[in-house]
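Indexing begins at 1, ligand by ligand and atom by atom, following the structure's order.
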Amino acid sequence: MKSHARVVVIGGGVVGCSVLYHLARAGWTDVVLLERDELTSGSTWHAAGGMHTVNGDPNVAKLQKYTINLYKEIEELSGQATGVHLTGGVMLAATTARMDWLRNLVAKGRYLGIELEEISAAEAGELMPLLDPGEFVGAVRTVVDGHLDPSGVTHAYAKAARKLGASVERFTKVEGIARRPDGLWQVSTNKGEIVAEHVVNAGGLWAREVGRMVGLELPVLAMEHMYLITEDMPEVAAWNAKTGTEIIHAIDFDGELYLRQERGGMLMGTYEKAGKPWSEVETPWNFGHELLEPDLDRIAPSLEVGFRHFPAFQKTGIKQIINGPFTFAPDGNPLVGPVRGLPGFWVACGVMAGFSQGGGVGLAIANWMIEGDPGADIWAMDVARYGDWASMAYTNAKVRENYSRRFSIRFPNEELPAGRPLRTTPVYDRLSEKGAQWGVAYGLEMPLWYAPEGVKDDFSWRRSTDFEHVGREVATVRERVGLSEISSFAKYRVTGAGAEAWLDRMLACRLPKPGRMTLAPMLKEDGGLIGDFTVACLMAQRGGPPPFIPPHKGEGVADVESLSAASEPGGNDDAKGASTTSPSPLWGRVRGGGMPGSDPAEYLIFGSGIAEQFHMRWFERHLPVDGSVQVEALGLGIVGLSIAGPDARRVLEKVTRADVSNAAFPFMAIRRMDVAMAPCLVGRVSYTGDLGYEIWMEPEYQRHVLDVLLGAGAEFGIGLFGARALNSMRLEKSYGSWAREYRPIYGPLEAGLDRFVAYDKSADFIGKSAALAEKSNGGKLRLRSFAVEAVDADVIGDEPIWHRGEVKGWVTSGGYAHHAGTSVALGYVPKEIAGEREGFEIEFLGRRHRARMLDTVLFDPDFTRMRG
Ligand SMILES: Cc1cc2nc3c(=O)[nH]c(=O)nc-3n(C[C@H](O)[C@H](O)[C@H](O)COP(=O)(O)OP(=O)(O)OC[C@H]3O[C@@H](n4cnc5c(N)ncnc54)[C@H](O)[C@@H]3O)c2cc1C
């Protein structure tokens with residue numbers, strides 16, 4: 001075994017071998033795969049070998065398509081047969097709700113280039129002779145579906161990689177991994193030591209144990225999984241003889257089953273409701289090529305449905321039942337990418353469909369390591385989508401739920417209950433009492449809408465029970481004033497003598513002046529959008545009263561004067577002194593004073609909460625080594641409430657002594673001010689597109705601030721609003737959001753964020769040359785808004801946009817804009833047709849709906865409300 005390698009890949013399952021192959025194919029041949037046993041000694045060897053392109057996430061679907069197309073290449077290069085049978089398949093619906101889901105899938109396939117065709121149950125019966133058409137309402141025919149030989153594929157990757165110069169060391173168990181002072185990784189094995197620049201954890205069933213070697217607790221858990229193989233079936237033989245073809249694949253969603261031909265019989269696998277985790281805490285190292293004890297009782301309910309839906313099974317004996325474990329992340333998608341805080345340590349694990357996804361995972365890792373970028377939008381697989389909150393117990397609850405729902409429909413308004421509530425803010429109980437219906441983002445509960453007593457979400461593809469109530473919340477904001485909980489934003493504090501120069505390089509915008517905020521796109525080198533922030537500049541203060549808060553003597557102060565007298569206006573006690581003891585996240589530097597002799601700025605960045613790890617990984621990767629800049633994710637160290645609507649200022653005026661008039665506190669200003677007794681930071685901004693304020697505070701003040709705002713707002717008819725009302729309002733302002741409109745596959749011009757890019761600023765911000773190139777060549781796409789002629793359902797995202805009879809684009813998000821009274825979609829179309837108004841249609845629920853491209857935003861196009 002070598003003593004040094006550029007990359008060590010740990011694990012010789014299908015995923016590790018794919019990573020090795022892709023590195024070698026890209027020219028990195030000083031790479032070694034270490035496998036503790038024979039190749040395939042984890043989940044890989046006993047897999048059912050099914051493969052398909054369909055995935056809930058369109059970008060993962062693209063990588064699945066890539067994987068399946070790769071098998072010919074590795075077979076040719078390695079000379080090793082992969083046993084690929086591209087049979088095609090049928091996806092079956094036994095209910096109309098499932099059929100609606102399948103129709104949406106067909107529509108999505110159109111812009112992904114995945115061939116899917118809606119067919120009747122009778123037609124499905126002609127393609128797949130074992131099913132009883134009477135049990136189904138319809139189906140979808142798939143072309144790129146099939147099965148393969150799991151061992152053949154794994155060895156083909158490994159042989160092809162070896163041919164290109166990579167090495168594979170079998171029976172070499174990694175026992176320890178340590179980071180050396182020079183930044184390289186020391187990998188200790190039972191056969192000696194090896195030093196590497198990069199280590200990839202592709203440990204599959206042992207990914208947790210390999211992670212623990214570097215102090216990581218990865219959110220993965222193995223579940224037992226069973227499939228059965230029947231005796232030879234005469235129906236199968238007859239079909240083979242008659243058609244000269246195999247029986248095609250079938251997925252029976254309502255039976256929670258998948259089926260395919262296996263020699264002269266059939267293979268039937270099930271994702272049973274009563275799924276069972278395996279080795280919940282630790283995977284035994286002595287587990288290898290053994291199977292688990294089958295448990296027919298556990299899968300009996302699914303088999304019962306299966307035998308009814310596929311009657312030929314009733315007369316056939318079961319030859320073998322395979323029960324084996326394989327791993328899942330909480331949401332069922334892989335965990336891929338570099339790990340924050342461990343430079344050169346990568347994960348490629350939690351891959352539950354190794355034969356559909358392994359190729360794409362290998363490609364993404366190789367691109368990322370070599371080029372610094374995965375080369376595709378892999379947000380849905382990025383390990384950074386989880387934070388420390390994804391504990392072992394959380395993972396256990398979520399993986400069980402995910403397994404039991406593998407083939408279940410998830411309606412657009414459906415929130416899944418397992419592992420919740422986990423992270424909550426101090427006002428959680430208060431808002432629950434007021435009817436909050438909760439959703440979750442990054443483990444944090446956030447109100448979606450407020451339901452009257454006895455009303456709750458009725459899960460549906462169509463407008464549902466919440467519709468009228470969300471409409472009422474929107475009306476409250478647009479006509480009076482609404483209050484919402486906004487703690488789910490990520491907040492980062494950037495400090496240090498080098499903060500300004502560093503941010504000027506990280507962000508494509510011009511940095512705001514002290515006391516101001518601005519929208520701040522962040523780009524990667526190729527100009528792709530990797531952040532849509534609001535950045536605020538707060539000037540450090542060296543004592544005396546805060547400069548932006550002249551004592552306010554206007555009306556409406558009286559009722560809070562007594563409350564806030566202790567802290568204002570006599571100056572800020574903390575700010576007067578030089579004490580910097582135990583700085584709080586919000587006030588640490590604001591109150592503590594700047595560097596002696598300088599006046600360094602402090603910046604706060606607000607961004608999408610779900611991308612906190614993703615952004616911190618990026619920030620930390622780019623921090624200067626001299627320690628002149630500090631970045632800190634404030635998490636729930638800071639929480640927030642927002643008020644918005646025409647009466648928002650009048651409410652704020654009642655609870656603060658600060659002058660919040662438009663002249664003194666204009667749009668995009670940010671200041672420290674007390675809200676009643678609570679020290680807060682208030683930004684004049686609102687995602688609703690209305691006059692509004694975001695009020696940030698330390699958690700211990702949040703209940704106080706909530707009570708004060710609701711009390712002060714009562715005379716104006718203040719009401720609570722949730723994320724669904726916010727979505728409705730941001731749609732009528734055509735505001736995009738992270739992971740929807742703003743993703744790394746779009747440039748700032750394409751996404752309509754170019755007006756926030758300071759192309760001419762002197763700082764050489766990351767992605768500048770690519771952004772300039774996009775500006776001159778115009779990019780390829782444009783984000784556009786559409787009013788959709790919808791009746792009882794709205795788009796949700798990922799629907800195709802037709803233009804004059806051809807699919808030209810895709811929807812990124814949508815919904816009903818209650819104030820404007822129209823259904824709205826946001827989506828990307830080629831720039832060539834971005835100037836056209838007519839001829840557009842958006843397909844959902846099996847029908848194309850006329851859509852009119854909007855030439856202006858639906859609400860407050862001249863900003864009089866927002867800026868007034
Ligand atoms: C019953 C069953 C049916 C399935 N059916 C399908 C299907 O039809 N289609 C599909 O796509 N997927 C299927 N799967 C899932 C599929 O098996 C997995 O997605 C895939 O095998 C994951 O591969 P992997 O390389 O990530 O992990 P593994 O196969 O578990 O490989 C990990 C490897 O790492 C090695 N290793 C771990 N730790 C160390 C160490 N410290 N040092 C050295 N080596 C180490 C292990 O020995 C092992 O060989 C099925 C799984 C089961 C159990």
Side-chain angles (χ1 to χ4, degrees), residues 8-20 32-52 55 64 67-68 145-151 153-154 157-158 168-177 187-191 194 199-213 220 222-229 249 251 258-260 262 267 269-271 278 283-289 291-292 294 320-329 332 334-336 347-359 361-362 406:
V8 164
V9 178
I10 303 171
V14 63
V15 174
C17 291
S18 166
V19 171
L20 191 76
V32 183
L33 183 146
L34 306 179
E35 165 55 50
R36 66 184 182 108
D37 201 310
E38 283 288 4
L39 297 181
T40 78
S41 292
S43 310
T44 298
W45 74 273
H46 50 230
M51 56 179 187
H52 42 86
N55 186 285
Q64 295 193 178
T67 301
I68 293 172
D145 252 28
H147 57 97
L148 43 68
D149 167 17
S151 167
V153 163
T154 309
Y157 276 128
V168 174
E169 299 287 344
R170 293 172 305 137
F171 302 101
T172 306
K173 182 184 169 206
V174 173
E175 294 174 334
I177 310 168
V187 181
S188 309
T189 78
N190 57 340
K191 301 247 179 97
I194 180 164
V199 172
V200 183
N201 174 0
L205 283 179
W206 296 267
R208 274 180 315 186
E209 284 66 24
V210 173
R212 284 172 194 155
M213 292 178 191
V220 282
M223 297 290 290
E224 293 192 11
H225 180 67
M226 278 179 271
Y227 62 84
L228 58 85
I229 296 170
H249 269 232
I251 298 183
Y258 57 88
L259 300 88
R260 70 166 171 86
E262 171 69 17
L267 179 155
T270 170
Y271 285 86
W278 178 76
T283 305
W285 285 108
N286 61 2
F287 185 79
H289 276 254
L291 289 169
L292 308 174
Q320 196 184 4
I321 299 176
I322 307 284
N323 184 11
F326 66 119
T327 54
F328 295 78
L335 296 176
V336 175
V347 291
C349 59
V351 184
M352 61 79 53
F355 300 97
S356 302
Q357 299 173 337
V361 169
R406 169 101 173 94

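- If you number the atoms of ligand 1 from 1 as listed, the ones under 4.0 Å from a heavy atom of Tyr227 come out as 1 (C), 3 (C).
- Contacts with ligand 1 closer than 4.0 Å are made by no heavy atom of Trp278, backbone or side chain.
- Residue-ligand proximity: Trp45 is placed with every non-hydrogen atom at 4.0 Å or more from ligand 1.
- When hydrogens are left out, the protein atom nearest atom 34 (O) of ligand 1 is Gly11 CA, 3.0 Å; that is the closest non-hydrogen contact.
- Considering only heavy atoms from C-beta on, Ile177 comes within 4.5 Å of Val210 through its side chain.
- Here Leu228 contributes atom CG and Thr270 contributes atom OG1; the two are 9.0 Å apart, rounded to the nearest 0.5 Å.
- A heavy-atom separation below 4.0 Å is not found between Thr327 and ligand 1.
- If you check which protein heavy atom lies closest to atom 52 (C) of ligand 1, you get Phe326 CD2, 3.5 Å.
- At the shortest separation from atom 48 (C) of ligand 1 among protein heavy atoms lies Glu35 OE1, 3.4 Å.
- Classified by interplanar angle (parallel below 30°, tilted 30° to 60°, perpendicular above 60°), the ring pair His225/Phe326 is perpendicular.
- The parts of Phe355 lying near ligand 1 are both backbone and side chain, judged by heavy-atom distances below 4.0 Å.
- When the options Asn201, Thr189, Ile194, Asn190 are evaluated for a side-chain contact (heavy atoms from CB on, under 4.5 Å) with Val174, the one that passes is Thr189.
- Residue Arg36 has at least one N or O atom closer than 3.5 Å to an N or O atom of ligand 1.
- Near Ala202, meaning under 4.0 Å from any of its heavy atoms, are these atoms of ligand 1: 32 (C), 34 (O).
- Residue Ala348 does not touch ligand 1, judged by heavy-atom distances below 4.0 Å.
- Taking only non-hydrogen atoms, the option from Gly269, Gly203, Gly42 nearest to atom 32 (C) of ligand 1 is Gly203.
- Nearest approach of Thr283 to Glu209, heavy atoms of both residues: N-OE2, 2.7 Å.
- For atom 8 (O) of ligand 1, the closest non-hydrogen atom of the protein is Gly50 N, 2.8 Å.
- The nearest pair of heavy atoms linking Gly269 to Tyr227 is CA-CB, 3.5 Å.
- In terms of N/O distances under 3.5 Å, ligand 1 is not approached by Val210.
- For ligand 1, the atoms closer than 4.0 angstrom to any heavy atom of Gly49 are 7 (C), 8 (O).
- Among the atoms of Met213, none of the N or O lies under 3.5 angstrom from an N or O of ligand 1.
- No part of Asn323 comes within 4.0 Å of ligand 1, judged by heavy-atom distances.
- Heavy-atom proximity to Leu205, at under 4.0 Å, picks out these atoms of ligand 1: 30 (O).
- Side-chain contact check for Arg36 and Ser41: no donor-acceptor pair (N or O, by modelled atom type) lies under 3.5 Å.
- Glu35 CD to Ile10 CD1: the interatomic distance, rounded to the nearest 0.5 Å, is 11.0 Å.
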- Could you go through the side-chain contact (heavy atoms from CB on, under 4.5 Å) check for Thr67 and Ser356 one step at a time? CA-CA 6 Å; Thr67 301; Ser356 302; 5.7 Å; no
- Task: Begin from the C-alpha positions of Met223 and Tyr271 and carry the test side-chain contact (heavy atoms from CB on, under 4.5 Å) through to its verdict.
- Result: CA-CA 10 Å; Met223 297 290 290; Tyr271 285 86; over 6 Å; no
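- Taking CG of Leu267 as the start and CZ of Arg260 as the end, the distance is 5.0 Å to the nearest 0.5 Å.
- Under the side-chain contact (heavy atoms from CB on, under 4.5 Å) rule, Cys17 has a single partner from Val153, Thr40, Leu39, which is Leu39.
- Under the side-chain contact (heavy atoms from CB on, under 4.5 Å) rule, Val9 has a single partner from Val32, Val199, Leu33, Val168, which is Leu33.
- Closest non-hydrogen pair, Met352 versus Gln357, comes out as N-OE1, 4.2 Å.
- Nearest non-hydrogen protein atom to atom 27 (O) of ligand 1 is Gly204 CA, 3.2 Å.
- For Pro325, the heavy-atom gap to ligand 1 drops under 4.0 angstrom.
- For atom 42 (N) of ligand 1, the closest non-hydrogen atom of the protein is Val174 N, 3.0 Å.
- Shown in contact with His225 at under 4.0 Å from a heavy atom are these atoms of ligand 1, numbered in order with element: 1 (C), 2 (C), 3 (C).
- Of the candidates Ala48, Ala353, Gly354, it is Ala48 that places a heavy atom closest to atom 5 (N) of ligand 1.
- When hydrogens are left out, the protein atom nearest atom 21 (O) of ligand 1 is Thr44 OG1, 2.9 Å; that is the closest non-hydrogen contact.
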- List the steps and the verdict of side-chain contact (heavy atoms from CB on, under 4.5 Å) for Tyr157 and Leu20. CA-CA 8 Å; Tyr157 276 128; Leu20 191 76; over 6 Å; no
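- Shortest contact from atom 18 (C) of ligand 1 to any protein heavy atom: Val351 O, 3.6 Å.
- When all heavy atoms of Thr327 and Gly350 are compared, the pair lying nearest together is OG1-CA, 3.7 Å.
- Ligand 1 lies out of reach of Asp37, whose nearest heavy atom is not under 4.0 Å from it.
- A heavy-atom separation below 4.0 Å is not found between Met51 and ligand 1.
- In the vicinity of Gly324, heavy-atom distances shorter than 4.0 Å reach the ligand 1 atoms 53 (C).
- In terms of heavy-atom proximity, Gly16 sits nearest to Ala202 at CA-CB, 3.6 Å.
- Of all the atoms in ligand 1, the ones that sit under 4.0 Å from a non-hydrogen atom of Leu34 are 43 (C), 44 (N).
- The shortest N or O to N or O distance between Trp206 and ligand 1 is not under 3.5 Å.
- Of all atoms in ligand 1, numbered sequentially from 1 with element shown, those under 4.0 Å from a heavy atom of Val15 are 23 (O), 24 (P), 25 (O), 26 (O).
- Of all the heavy atoms in Pro150 and Gly49, the pair that sits closest is CG-CA, 4.0 Å.
- Proximity of Met352 to ligand 1, defined as any heavy-atom pair under 4.0 Å, is confined to the backbone N, CA, C and O atoms.
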